[in-house]
Structures are given as C-alpha cells and as structure tokens.
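This structure is a prediction, so every number in the text was calculated from the model and none was measured. The chains referred to below are lettered A, B, ... by the order of the sequence lines, with proteins before strands, and numbering in each begins at 1.
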Amino acid sequence: MFLYISLRSMEKRVRLRFAPSPTGGLHMGGVRTALFCYLYAKKHGGDFVLRIEDTDQTRYVNGAEEYIINSLKWCGIEPNEGVGFGDGPHAPYRQSDRKNLGIYQKYAEQLINSGHAYYAFDTSEELDAMRKRLEAAKVAAPQYNAVTRQNMRNSLTLPEDEVKKLLADHTPYVIRLKVPRNEEIRFHDIIRGWVTVNSSQVDDKVLLKSDGMPTYHLAHIVDDIEMQISHAVRGEEWLPSAPSHILIYRYLGLEEQMPKLAHLPLILKPDGNGKLSKRDKSGLPMFPLNWFDERTGESYKGYRESGFMPEAFINMLALLGWNPGDNREIMSKEELIESFSFERVNKSGAKFDPEKTKWFNQQYLRKKTDAELAQEVMPLLKEKGITKDLMFVEEFCRLVKEKAHFITEFYDLGSYFFEAPTTYDEKVVAKKWNAEVKNTFEKLVPKFEAITNWNSQTLHDDFQLAQNELGKIDMQMLRVLISGVAGGAQLFDFLALIGKDEVVTRLKTALTKL
RNA sequence: GGCCCGUUCGUCUAGGGGUUAGGACGCAUCCCUUUCACGGAUGAAACACGGGUUCGAUUCCCGUACGGGCUACCA
C-alpha cells in the first residue's frame with residue numbers, strides 16, 4: 001500500500017519519443033517535432049527515444065530510415081535510445097520487429113476479451129459500398145460506427161458460430177475499436193487546453209489490420225505505454241484522432257499511465273495556404289539533407305547541402321511556433337534547452353519565412369572565424385578548380401563574409417578574387433568612363449607599379465598621393481576596372497590580396513578593352 | 001458537407017481588462033563611407049468583424065467571417 005502511494009505520487013521520469021514513419025525524407029516539420037521533444041527531454045534530464053513506425057508496409061521507402069537517423073545527427077538532436085542510436089531497455093524500437101514479437105496482438109485481444117473491440121470481416125468493396133450508400137443518403141459523416149456497424153459483417157452482428165468458423169477458416173479480418181454511441185470524450189492537451197468531442201463523431205478505428213500489423217492508433221499507444229513515454233508530442237493533424245486514443249487507453253485500463261499530450265501547430269507555406277509541402281518556390285529546401293526518392297526519381301535539396309549550418313537551422317525551427325518569452329532570437333542549443341517549455345508553444349500555425357531563415361544563417365555565419373570559414377570554403381573552391389593557399393582563402397573569407405548568407409555563396413560573391421573580369425559593369429562605365437578618365441588611369445598604372453611594399457595601407461596612402469598629382473580618381477571606377485563589378489569587398493584589402501602583378505595586369509587589360 | 005483547432009504589423013511573434021500595443025525579418029529614408037559592405041538612427045506597418053460582460057475591451061463570453069487540420073485495413 002505504501003509503495004503504491006509513493007509510486008503514484010512520484011513524478012514519472014521524462015521520456016519523449018520521436019516516432020516517424022519511414023515513408024520518405026524527413027520533412028523539416030518533422031525535424032521541428034523531434035527538436036521540441038529533444039529540448040524538453042534534455043531540459044528535464046530525461047530520455048529522447050527514436051522509434052520507427054513502419055506498420056504500413058506498402059509505403060515503406062528504402063533509405064528513409066537511414067535518412068532520418070542521419071538528419072537527426074546532422075541537426076544535433078540525437079536520441080539516446082532507439083533505432084540507430086543504441087538499444088535501450090525497451091528494444092526493439094522498430095514496430096515491424098515488435099509486431100513479430102506479438103506485442104500488439106496481445107493488447108488487441110485484451111480489448112476483444114473486455115468487449116471493447118470486435119472482429120470485422122468486411123471486404124474493401126463492402127466498405128466502399130457502405131460509404132456510397134451513406135453519402136447517397138446524405139449522411140453528414142459516413143463512417144464505420146455504432147450505427148453503421150449493425151449492418152456490416154462483424155462479430156457483433158454475426159452469430160457466434162459463424163464468427164468462429166470464419167476465424168477458423170482464416171478469413172481475413174480486422175479488429176476494430178467499439179466506440180460508444182453518444183459519450184463526451186474530454187482530454188487535456190498541454191498546448192491547447194481542454195478539448196471535448198462527442199463519441200458520435202469518432203469512428204470504430206481499425207486497431208489491427210488484416211495483415212496482422214497494428215495501425216498507428218494501436219501501435220503508438222502500446223509502445224508509448226511499454227516504453228514508459230511521459231509526453232506524446234506530435235503534429236496538429238493528429239488532434240482529430242486523439243479521442244480514439246483516449247478511449248483505447250481507457251479500455252485498456254491505462255488511463256492513469258497515459259502520457260501527457262501535446263499537439264504542435266503546423267508549419268505553413270510562406271505564401272498562399274496550406275501545409276508546407278516537399279518543395280517551395282522560395283527555393284529554400286524543405287529537408288535537412290539532400291533527399292532522393294527512389295520511387296519517383298525525384299530529388300530534393302537539403303539545408304546541409306545548401307550551405308546552412310545546423311545550429312542556424314534548428315534555431316530557426318525552434319522559433320517557428322515557440323519563443324522564449326523575451327526578445328532573444330539567436331540562441332544556442334544550450335539556451336534553447338534551458339528556456340524550452342510546451343506552454344510557450346503557440347496554438348496557431350506558423351508560416352515559414354524564407355527571408356528570416358536566411359537571416360538566421362547569416363547571423364551564425366558571422367560568428368565564425370575566418371579560419372573556420374576557410375576550412376569550409378576551401379573544398380568548395382577546389383570544386384571550381386581554384387587552388388589558392390589557406391592564407392589567401394582566409395583573407396578572402398574575411399572580406400566576403402559580411403555580404404554572405406551562406407557558405408555556398410562565397411564563390412559567387414567574390415569570383416573576381418580568382419578571375420580577371422571579362423566584362424565591366426555597364427552602368428558605371430556609361431556614367432563615369434571617358435577619354436579624360438582613361439588618361440588618368442593610364443597615369444595611375446605606373447604609380448601602382450612603383451609600390452614596393454604592396455599592402456592595403458601603402459596602397460591607400462599611395463593612392464592618395466597619386467590623386468594629389470593626377471586629380472580625383474573615382475574609386476568605384478577603379479573597382480570596376482579590376483573586378484568588373486560595381487560592388488564588392490573592401491577595395492584596398494581586395495587589391496592587396498590579389499597582388500601587384502595581378503592588379504597591374506588587370507588594369508592594363510581594362511585600358512585596352514575600354 | 002460534418003467535426004476539431006486557430007486568428008496581434010506583409011511574415012515570425014511579445015503582451016494582456018486602462019500600454020504612445022514591444023521586438024525581429026523584410027521594406028523605406030538618413031548617418032558613416034572617395035568604393036563596397038557591416039554598423040548606427042529614424043520611419044511606414046497590426047489587435048478579422050458584429051454583439052454582449054464591464055466604468056473601461058485588443059485582452060473575457062457568444063456569434064459571424066476567414067484560415068488550417070481531419071474525415072483510409074496511411075501515418
């Protein structure tokens with residue numbers, strides 16, 4: 001008795017799971033769900049579990065499971081238990097494996113025995129016919145429920161002998177939840193508060209499919225119980241089926257052990273309406289890593305390959321539908337963990353903002369040292385056939401980074417560091433170029449050639465001296481002659497880096513071309 | 001259609017019975033700069049609508065509109 005009381009009064013250990021289906025690449029909405037679970041678990045010193053919900057064999061996609069694991073790794077939201085992250089006390093963590101152990105069957109039978117579930121033998125044709133009939137009769141919500149089940153072929157309508165015979169003959173059947181006709185079902189959601197639904201709106205959900213696999217509805221409940229999950233967190237699209245789940249817990253006698261529920265708001269498309277899809281016309285990826293769908297042959301861009309930093313990606317995601325309650329936006333993972341709570345998650349869906357997403361990455365980009373940036377930029381330059389030394393690349397990074405949002409932009413932003421221009425900004429030329437200006441620049445060339453200690457400072461000083469003699473020289477024009485473009489990095493630093501010979505050569509070339 | 005959930009600047013959001021309704025992204029202007037950016041300053045920009053409740057509602061309640069989700073032997 002004493003033990004019973006102390007167990008009940010003890011707070012359950014915090015354990016959250018992320019439970020995706022391996023039906024494709026992990027969408028950024030899924031990443032956010034995983035992130036919130038991770039943050040909460042870490043904040044409370046709990047566990048974060050990865051469970052793979054592969055009960056739909058027809059939708060299984062090769063490589064999806066591995067993709068999910070790699071994505072979580074890249075994002076730095078690693079489970080401490082589950083598929084791909086080491087088995088804990090509740091292995092296996094893949095539902096198809098658990099099914100083979102008979103885990104779900106047991107619970108389904110318990111519900112049958114207690115009279116809360118029944119066998120249904122209807123074929124898909126019969127089900128279609130039933131729905132058509134109901135639609136024709138203008139029934140508002142055609143579904144298999146307390147009323148319609150009376151006209152279907154199941155263990156509630158068929159004589160006991162026949163049911164036994166059908167089962168003995170291995171006639172395909174499903175097990176359905178017997179939902180009462182008219183009962184208020186009330187449940188609490190951490191984010192939404194109390195939600196009430198009448199059971200007349202809830203259909204007799206299939207619990208066990210004819211292939212012996214459980215549906216999501218049964219499987220996730222069984223696993224959440226067996227894995228001692230404290231908080232069931234998922235997207236808002238699950239809210240309508242939550243009443244069914246409450247009933248299952250109740251009929252299993254597990255309402256006391258039921259995890260707390262949290263339904264996250266959806267991430268919406270930047271423009272127009274609806275859920276974020278696999279592609280967005282903003283051009284930003286919807287997946288953490290590149291994803292290739294074997295079945296459709298389509299490939300999708302990933303944040304990683306687009307030059308995003310994982311810290312920036314999860315920071316952006318965390319602030320989509322959540323905030324710390326103060327004005328902080330740039331937050332490290334540690335700060336996110338420290339500040340996170342489901343109470344501060346918004347109820348309404350959030351439109352994904354591509355511009356702000358870029359801004360997040362830019363903020364993190366600026367925090368990196370030039371040396372760190374060079375490490376990442378170097379290989380990208382090599383791909384372009386550029387083999388400058390590390391010192392050069394570091395300085396290049398210093399000069400270009402303030403304009404960049406992504407590592408992958410560095411080359412495009414500063415290709416003139418590596419290649420002499422072939423064209424010259426037309427606007428600037430049209431506005432500033434004439435015979436007199438040309439003459440001035442021709443006189444400037446030997447001044448540059450005469451500089452012995454070639455660096456940004458002497459360049460600056462000697463340029464001033466040259467102007468005293470030759471008159472004012474337009475710096476933007478100088479920039480265009482050497483880089484070809486009207487804007488770019490700090491001019492003298494740029495000239496210092498590419499070197500005297502290169503500058504002089506480029507100037508001479510420009511003077512012959514213009 | 002039915003059921004459920006939601007609604008503060010264009011977007012992400014803070015706030016909450018009495019506020020000049022705050023911040024961020026983006027946008028505009030100005031300053032700095034003989035180039036380019038960063039940076040700084042300033043500005044435009046919101047409580048969906050209609051009824052209640054109240055001395056007073058953006059905030060609480062009810063409707064309406066709008067948006068979203070669900071409505072499978074998919075998750």
Which is true for A:L491 with a 4.0 Å heavy-atom rule: it touches a base, it touches only sugar-phosphate, or it touches nothing? base

Considering Watson-Crick and G-U wobble pairs with both distances under 3.5 Å, what does B:A24 pair with? B:U11

Output yes when at least one side-chain N/O atom of A:N323 is less than 4.0 Å from OP1 or OP2 of B:A14, else no. yes

Please determine whether a side-chain nitrogen or oxygen atom of A:N327 lies at a distance below 4.0 Å from atom OP1 or OP2 of B:U13. no

Compute both the distance and the angle, then confirm whether A:K438 meets the cation-pi test with A:F441: under 6.0 Å from the six-membered ring centre, within 45 degrees of the axis. no

Within a 6.0 Å radius of atom CD on A:E419, are there more than 12 heavy atoms belonging to other residues, nucleotides or ligands? yes

Decide whether a cation-pi geometry holds between A:R176 and A:Y144; the criteria are a distance under 6.0 Å from NZ or CZ to the six-membered ring centre and an angle within 45° of the ring axis. yes

So which nucleotide does B:G67 pair with, by the Watson-Crick or G-U wobble rule with both distances under 3.5 Å? B:C5

Just to be sure I understand the rule, does A:G487 reach a base, reach only the sugar-phosphate, or reach nothing, if contact means heavy atoms closer than 4.0 Å? sugar-phosphate

Only pairs with both distances under 3.5 Å count, Watson-Crick or wobble alike; so what is the partner of B:G16 in this structure? none

Heavy atoms only, 4.0 Å cut-off, all strands: where does A:R344 land among base, sugar-phosphate and nothing? sugar-phosphate

Any idea which of B:A14, B:G23, B:C5 is nearest the A:V195 side chain? B:C5

Contacts of A:T357 and A:K472 projected onto RNA chain B by closest heavy atom; the upstream (5') one is A:T357

Using the C1' atom in both, what is the distance from B:U20 to B:C5, to the nearest Å? 35 Å

Considering Watson-Crick and G-U wobble pairs with both distances under 3.5 Å, what does B:G50 pair with? B:C62

What's the closest nucleotide to the A:L266 side chain, out of B:U11, B:G26, B:G68? B:G68

Nearest-nucleotide check on RNA chain B, A:Q464 vs A:A140; residue mapping nearer the 5' end is A:A140

Could you tell me how far apart A:N315 (CG) and B:C12 (C1') are, to the nearest whole angstrom? 13 Å

P gap between B:G2 and B:G63, integer Å: 15 Å

Between B:G23 and B:G40, how far apart are the P atoms? Round to whole Å, please. 14 Å

Hey, would you say the A:W433 and A:Y424 ring centroids sit under 6.0 Å apart? no

Can you check the distance between B:C62 and B:G26, where both ends of the measurement are the P atom (answer in whole Å)? 40 Å

Going by ring-ring contact (aromatic ring centres under 6.0 Å, His included), name the residues that satisfy it together with A:F396, two or more places apart in sequence or in a different chain. A:F417, A:F418

Nearest heavy-atom approach of A:Q57 to A:M213 is NE2-CE, 3.3 Å

Base, sugar-phosphate, or nothing for A:G321, non-hydrogen atoms under 4.0 angstrom? sugar-phosphate

When all nucleic acid strands are considered with a 4.0 Å heavy-atom cut-off, which category describes A:L478: base, sugar-phosphate, or nothing? nothing

With sugar-phosphate meaning primed atoms plus P, OP1 and OP2, does A:F463 contact a base, only sugar-phosphate, or nothing at under 4.0 Å between heavy atoms? base

Expressed as a whole number of Å, how far does the C1' atom of B:U29 sit from that of B:U19? 28 Å

For residues 19-29 of chain A, which side-chain donor-acceptor pairs fall under 3.5 Å, sequence neighbours excluded?
| residue | atom | partner | partner atom | Å |
| --- | --- | --- | --- | --- |
| A:S21 | OG | A:E53 | O | 3.1 |
| A:H27 | ND1 | A:G29 | N | 3.2 |
| A:H27 | NE2 | A:S277 | O | 3.0 |

What's touching nucleotides 70-75 of chain B from the protein side, N or O pairs under 3.5 Å?
| residue | atom | partner | partner atom | Å |
| --- | --- | --- | --- | --- |
| B:C73 | OP2 | A:R131 | NH2 | 3.4 |
| B:C73 | OP2 | A:R176 | NH2 | 3.3 |
| B:C73 | O2 | A:S210 | N | 2.7 |
| B:C73 | O2 | A:S210 | OG | 2.8 |
| B:C73 | N3 | A:S210 | OG | 2.9 |
| B:C73 | N4 | A:D122 | O | 3.3 |
| B:C74 | OP2 | A:K209 | NZ | 3.1 |
| B:C74 | O2' | A:D56 | OD2 | 2.9 |
| B:C74 | O2' | A:R59 | NE | 3.3 |
| B:C74 | O2' | A:R59 | NH2 | 3.2 |
| B:C74 | O2 | A:R59 | NH1 | 3.4 |
| B:C74 | O2 | A:R59 | NH2 | 3.3 |
| B:A75 | OP1 | A:T55 | OG1 | 3.0 |
| B:A75 | OP1 | A:K209 | NZ | 2.7 |
| B:A75 | OP2 | A:Y216 | N | 3.3 |
| B:A75 | O3' | A:S21 | OG | 2.8 |
| B:A75 | O3' | A:E53 | OE1 | 3.4 |
| B:A75 | O2' | A:S21 | OG | 2.6 |

Mind checking the C1' distance from B:G16 to B:C3? Whole angstroms is fine. 31 Å

Integer angstrom distance from the P of B:A45 to that of B:G6: 31 Å

Answer with base, sugar-phosphate or nothing: what part of the nucleic acid does A:V139 contact at a heavy-atom distance below 4.0 Å? nothing

Aromatic ring centroids of A:Y364 and A:F308 under 6.0 Å? no

Under 4.0 Å, counting only non-hydrogen atoms across every strand here, what does A:A242 touch: a base, just sugar-phosphate, or nothing? nothing

Under a 3.5 Å cut-off for both distances, is B:U33 Watson-Crick or wobble paired, and to whom? none

On a whole-Å scale, what distance lies between the P atoms belonging to B:U54 and B:C49? 23 Å

Looking at B:C25, B:U7, B:C36, which one has an atom nearest to any side-chain atom of A:S348? B:U7

Please classify the nucleic acid contact of A:Q201 as base, sugar-phosphate, or nothing, using heavy-atom distances under 4.0 Å. sugar-phosphate

Closest to the A:R366 side chain: B:C38, B:A24, B:G69? B:C38

Of A:D204, A:N154, A:D122, A:T157, the one forming a side chain to side chain donor-acceptor pair (under 3.5 Å) with A:R149 is A:D204

